[in-house]
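Numbers here simply count residues along the sequence, with the first being 1. Start at 1 and go down the list; that is how both ligands and their atoms are numbered.
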Amino acid sequence: MSVFAEIPSGATILDLGCGAGLDALIAAGRVGLEGKVIAVDFSTPMLNRARQAAAESGLSNLELREADAEQLPIADEEIDVAMVNGIFNLNPSRGAIFQELARVVRRGGRVFAAELILSRPLPAEARASESNWFA
Ligand SMILES: C[S@@+](CC[C@H](N)C(=O)[O-])C[C@H]1O[C@@H](n2cnc3c(N)ncnc32)[C@H](O)[C@@H]1O
């Protein structure tokens with residue numbers, strides 16, 4: 001099992017719920033100048049952090065867009081590979097997000113999703129420790 005999305009050179013990548021943009025920056029480096037990364041988040045503060053990181057990186061093939069994952073400002077089948085790292089658990093209406101992914105990812109394209117899932121209840125002390133919840 002790989003923990004890394006496969007990012008082909010020249011591809012158009014979507015980073016959905018990009019946060020501060022680390023995954024988007026790595027992907028932008030991998031697709032090269034023939035490809036591009038569209039990074040989407042609905043949080044202005046997180047996008048501002050991503051904008052700062054993008055500016056510091058000097059990468060010109062990374063676009064940041066402020067939008068809700070349920071209504072993406074992306075054309076039908078525009079995306080070759082979508083990366084979704086840590087947003088499904090935050091969204092009760094995740095069915096709508098899957099529908100948008102099905103619309104924007106081209107036929108034969110791929111979606112890589114990562115999510116934290118508890119396989120058993122957390123011990124009370126782990127649950128109570130703030131450092132376990134905020135980086
Ligand atoms: C747990 S963070 C993960 C950030 C990033 N993917 C990473 O791995 O570092 C979740 C991010 O998804 C964004 N998010 C959550 N629900 C969203 C939605 N419905 N539409 C757009 N962004 C969303 C949040 O604003 C936050 O920046």
Side-chain angles (χ1 to χ4, degrees):
M1 186 190 81
S2 170
V3 293
F4 297 106
E6 288 160 34
I7 307 294
S9 174
T12 299
I13 310 293
L14 167 64
D15 183 5
L16 186 54
C18 65
L22 179 61
D23 291 346
L25 285 170
I26 293 170
R30 290 202 186 163
V31 291
L33 290 176
E34 300 296 310
K36 72 172 177 183
V37 176
I38 302 170
V40 173
D41 205 290
F42 67 2
S43 158
T44 305
M46 293 312 290
L47 270 184
N48 285 341
R49 291 180 63 180
R51 281 194 188 100
Q52 187 180 344
E56 287 169 7
S57 76
L59 289 163
S60 59
N61 59 349
L62 171 56
E63 292 174 23
L64 295 152
R65 299 182 187 174
E66 187 165 336
D68 194 310
E70 296 180 29
Q71 274 192 309
L72 292 172
I74 293 175
D76 294 355
E77 303 207 39
E78 186 179 349
I79 301 299
D80 297 304
V81 177
M83 310 183 296
V84 194
N85 191 348
I87 81 164
F88 287 121
N89 278 345
L90 301 172
N91 287 274
S93 55
R94 56 188 70 100
I97 299 177
F98 278 111
Q99 273 183 3
E100 272 299 78
L101 284 168
R103 180 182 69 77
V104 302
V105 175
R106 68 166 170 78
R107 280 171 188 267
R110 306 185 76 183
V111 176
F112 292 88
E115 203 63 63
L116 281 179
I117 296 170
L118 291 178
S119 56
R120 57 182 186 279
L122 281 176
E125 64 274 16
R127 191 179 273 271
S129 167
E130 265 188 28
S131 64
N132 285 340
W133 297 98
F134 301 101

Check your understanding: How far does CG of Leu47 sit from CD of Glu66, to the nearest 0.5 angstrom?
Key -> 5.5 Å
Point to revise | Rounded distance [0.5 Å steps], CG in Leu33 versus CG in Leu59 | key: 8.5 Å
Review point. Is it the side chain, the backbone, both or neither of Ala20 that has a heavy atom closer than 4.0 Å to ligand 1?
Key: neither
Check your understanding: What do we get for Leu90 next to ligand 1 when only non-hydrogen atoms under 4.0 Å count, side chain, backbone, both or neither?
Key -> side chain
Exercise for review: Check whether any side-chain heavy atom of Ile13 lies under 4.5 Å from a side-chain heavy atom of Arg30, and answer yes or no.
Suggested key: no
Geometric N/O contact [X] with ligand 1, under 3.5 angstrom:
{"X": "Gly17", "value": "yes"}
{"X": "Asn91", "value": "yes"}
{"X": "Ala69", "value": "yes"}
{"X": "Asn85", "value": "yes"}

Exercise for review: Can you establish whether the number of heavy atoms outside Arg51 located under 6.0 Å from its atom CZ is more than 12?
Suggested key: yes
Point to revise | Within 6.0 angstrom of Leu122 CG, more than 12 heavy atoms from elsewhere | key: yes
Distance filter under 4.0 Å to [X] heavy atoms, resulting ligand 1 atoms:
{"X": "Gly19", "answer": "4 (C), 27 (O)"}
{"X": "Ser43", "answer": "25 (O)"}
{"X": "Ala67", "answer": "20 (N), 21 (C)"}

Tell me: protein heavy atom nearest [atom], and distance?
{"atom": "atom 12 (O) of ligand 1", "result": "Ile87 CG2, 3.1 Å"}
{"atom": "atom 2 (S) of ligand 1", "result": "Gly86 O, 4.1 Å"}
{"atom": "atom 22 (N) of ligand 1", "result": "Phe42 N, 3.3 Å"}
{"atom": "atom 13 (C) of ligand 1", "result": "Asp41 OD2, 3.3 Å"}
{"atom": "atom 9 (O) of ligand 1", "result": "Cys18 O, 4.6 Å"}

Check your understanding: Can you get from Leu25 to Phe112 by hopping between Ile, Leu, Val, Met, Phe, Trp and Tyr side chains that sit under 4.5 Å apart?
Key -> yes
**Study point:** Hydrophobic cluster membership, Phe98 vs Ile87, 4.5 Å side-chain cutoff
**Key:** yes
Exercise for review: Assess Ala114 for proximity to ligand 1: is some non-hydrogen atom of it under 4.0 Å away?
Suggested key: no
Check your understanding: For the side chain of Asp80 and the backbone of Thr12, is there at least one donor-acceptor N/O pair under 3.5 Å apart?
Key -> yes
Check your understanding: For Pro121, does its backbone N or O pair with a side-chain atom of Arg127 as donor and acceptor, under 3.5 Å?
Key -> no
